[in-house]
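Read the structure below first, then the notes.
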Amino acid sequence: MIKRKRFRGPQKSLPIDVIQNEILVKLPVRSLLRCRCVSKLWCSVIDDPSFASIHIKKFQSNQEKTRLLVLEPPDMCESKQFCVIRNGEKFRKMSKIGIDVTWFEEYQAVGYVNGLICMKRYIKETQLSNILLWNPSIRKALELPFSQFSNATKIRHDVDCALGYDHANNDYKVVASVYIGDEPLNIPKHVHIFTLSTFSWKSANIDKGPCLWIKGGPKVFLKGVIYWGGINVLTIPSPKGRFSHFVSFDVTNDVFKYIDLPDNEHVHVREYERFPIILDQSIALLEIFESYSQIWVMEDSKGKEQLWTKQFYINLQLLEKCIYFKMDGELLFAGEKGGVNSYNIRSHETKVLAKSYKLSPIFVSVYMESLTLLKGIPERASSTLPSHETIQLE
Amino acid sequence: MASSSSSSLSRVVVKSSDNNLFVVNKKVASQSQLLKQCIDNMEEKGTNDVILIPLSNVTSNILTLVLEYCEKHADFADDDNNNQELKQWDHEFLKKFDYATLNSLTMAADYMVTKSLLNLCCQFIADSIKDLTVQQIRQIFDIKNDFTPQEEADIKNENAWAFR
């Protein structure tokens with residue numbers, strides 16, 4: 001009479017689909033790495049890259065509790081650099097990972113997506129650059145192959161790169177622009193795209209017309225697209241901080257676009273900074289001037305001309321003090337005499353998070369635990385960072 | 001339950017695997033998608049008789065618990081899962097069970113498609129196993145270790161830091 005969902009018969013233990021989709025997805029990654037030892041079935045479930053993508057979305061601490069990932073400069077007495085997980089409300093230390101500084105210090109973090117940090121470094125001796133993907137939550141790192149950028153000519157090869165996630169294929173891509181020699185105009189010689197699942201690079205098809213590429217500056221990733229600041233080198237000769245455009249890269253379709261920014265009414269201002277940020281689920285532009293800041297929000301206009309509206313005014317001196325902008329509208333900034341403060345762009349409320357924090361963090365982002373890089377990449381390519389020392393304080 | 005206009009059923013009878021009968025108010029029964037589906041089907045057919053729904057996978061002990069949960073939750077709106085009183089009640093409700101009962105309750109919630117109870121049980125289980133050893137987890141889930149000692153040691157060594 002009754003159509004049952006499925007017939008299971010009387011049984012004592014939970015079916016694996018319930019264990020996988022309802023229980024394991026709710027565990028922190030440290031527990032999951034232990035659970036791989038439970039049985040062959042559990043191990044294969046956890047190692048499946050599709051499980052990693054479900055876990056990112058469902059693991060609640062990734063959404064509810066705000067934890068911050070903070071890369072801190074090397075300790076004076078120890079030869080270690082630290083990756084510290086801090087509580088979002090009080091900036092209190094929850095756990096930290098020590099990394100051998102000789103290996104790590106030249107790296108610069110350029111992006112953080114699904115628990116994966118994209119880092120680059122320039123090696124003086126070889127005049128080459130390389131790129132590293134690092135998932136601190138599982139202590140796994142992956143150096144990208146760099147045969148593409150071989151240096152037969154002994155000329156300086158510098159790169160800038162950005163990381164994005166391809167939802168359609170549960171894959172990751174790095175887009176890298178390569179600068180050869182001391183190119184004054186910041187025009188990259190090549191642009192390459194790295195795909196994690198195939199572990200290979202390919203040349204990007206870019207329109208070289210209006211050359212809007214630039215080295216440095218923050219990158220943000222939202223809804224399958226990476227954004228970073230670009231500059232029209234033909235019209236503005238002094239590029240520092242003066243982005244005239246955003247360059248966007250659609251990770252699934254490998255499509256680049258240029259997005260006009262609101263007219264720069266402050267060209268005459270000597271010092272200011274402009275960053276792409278994410279506010280709620282929109283791309284926004286944070287402009288920091290000497291005595292105040294403002295936020296423009298971009299309306300999603302489906303490929304037509306972008307509409308920018310000035311939505312927030314911040315009556316604070318933030319120049320060179322901004323540490324991190326959380327997408328819910330909370331801005332972290334360094335205090336006058338050290339310490340970390342927060343400012344809410346809607347309530348205009350300022351709070352002191354950590355009075356005595358003396359370091360200048362190198363990189364800050366909302367922490368995400370994930371199994372990305374655990375499996376699904378060539379075995380030879382994966383490595384654990386050297387001297388990964390875990391100090392658990394939770 | 002005054003004017004449930006067109007719908008004719010106000011109660012259903014649910015039979016456990018050990019043949020005990022439970023008379024359940026429709027609003028309470030509707031917390032389970034399986035029972036709700038049965039009721040909807042019968043109503044479509046225009047039956048006025050009290051219907052009997054046999055649940056061959058759920059013992060009366062466990063069914064009593066599921067129905068206790070459904071009764072409590074029927075008093076709250078669907079989007080009220082964040083209600084503090086309800087959250088507190090959920091926690092008190094679950095914390096008195098041992099793992100064997102939790103397991104059976106989880107299976108019953110899955111079988112009867114009571115999503116919020118399934119989610120609640122699984123979150124509770126996840127929270128309580130996250131710091132346990134591999135051996136303890138095997139015991140709770142009644143899982144036989146099918147690794148050789150060498151295989152298990154190798155897997156452990158891949159992420160030795162997580163075991164410290």
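Naming convention: chains lettered A, B, ... in sequence-line order (proteins, then strands); numbering from 1 in each chain. All values reported here derive from a predicted model rather than from experimental measurement.
- Within the 4.5 angstrom heavy-atom criterion, only side-chain atoms of B/Ile143, from C-beta onward, approach chain A.
- Two residues are said to be in side-chain contact when any heavy atoms from C-beta on lie closer than 4.5 Å; A/Leu33 and B/Trp161 meet this criterion.
- Contact annotation for A/Leu24: neither backbone nor side-chain heavy atoms come within less than 4.5 Å of a heavy atom of chain B.
- Checking A/Arg30, A/Arg139, A/Lys140 one by one against B/Asn159, the side-chain contact (heavy atoms from CB on, under 4.5 Å) holds for a single residue, A/Lys140.
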task: Please assess A/Val18 against B/Met107 for the test side-chain contact (heavy atoms from CB on, under 4.5 Å), listing each intermediate value before the final yes or no.
output: CA-CA 8 Å; A/Val18 174; B/Met107 272 190 280; over 6 Å; no
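- Contact annotation for B/Asn145: both backbone and side-chain heavy atoms come within less than 4.5 Å of a heavy atom of chain A.
- Expressed to the nearest 0.5 Å, how far CG of A/Leu14 lies from SG of B/Cys121 amounts to 9.5 Å.
- For the atom pair B/Leu118 CG and A/Asn21 CG, the distance stands at 10.0 Å (nearest 0.5 Å).
- Of the listed residues (B/Asp154, B/Asp142, B/Asn119), the one with the most heavy-atom contacts under 4.5 Å to chain A is B/Asn119.
- Residues of residues 126-133 of chain B lying within less than 4.5 angstrom of chain A, judged on heavy atoms, are B/Ala126, B/Ile129, B/Lys130, B/Asp131, B/Leu132 in numerical order.
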From CA spacing to verdict: salt bridge (Lys or Arg N to Asp or Glu O under 4.0 Å), B/Glu158, A/Lys375: CA-CA 12 Å; B/Glu158 285 176 30; A/Lys375 293 285 154 168; 3.7 Å; yes
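- Scanning for salt bridge (charged side-chain N to carboxylate O under 4.0 Å, His left out) contacts around B/Asp146 gives an empty result, with sequence neighbours left out.
- Here CZ of A/Arg36 is found 8.0 Å from CZ of B/Phe147. Values are rounded to the nearest 0.5 Å.
- Separating the CZ atom in B/Arg164 from the CZ atom in A/Arg34 is a distance of 12.0 Å, to the nearest 0.5 Å.
- In terms of the salt bridge (charged side-chain N to carboxylate O under 4.0 Å, His left out) criterion, residue partners of B/Lys72 (sequence neighbours excluded) are, by chain and number, B/Glu85.
- Contact annotation for residues 37-46 of chain A against chain B (heavy-atom separation below 4.5 Å, listed by residue number): A/Cys37, A/Val38, A/Ser39, A/Lys40, A/Trp42, A/Cys43.
- Among A/Leu27, A/Leu32, A/Ile19, the residue with the largest count of heavy-atom pairs under 4.5 Å with chain B is A/Leu27.
- Heavy-atom distances place the side chain of B/Glu151, and not its backbone, under 4.5 Å from chain A.
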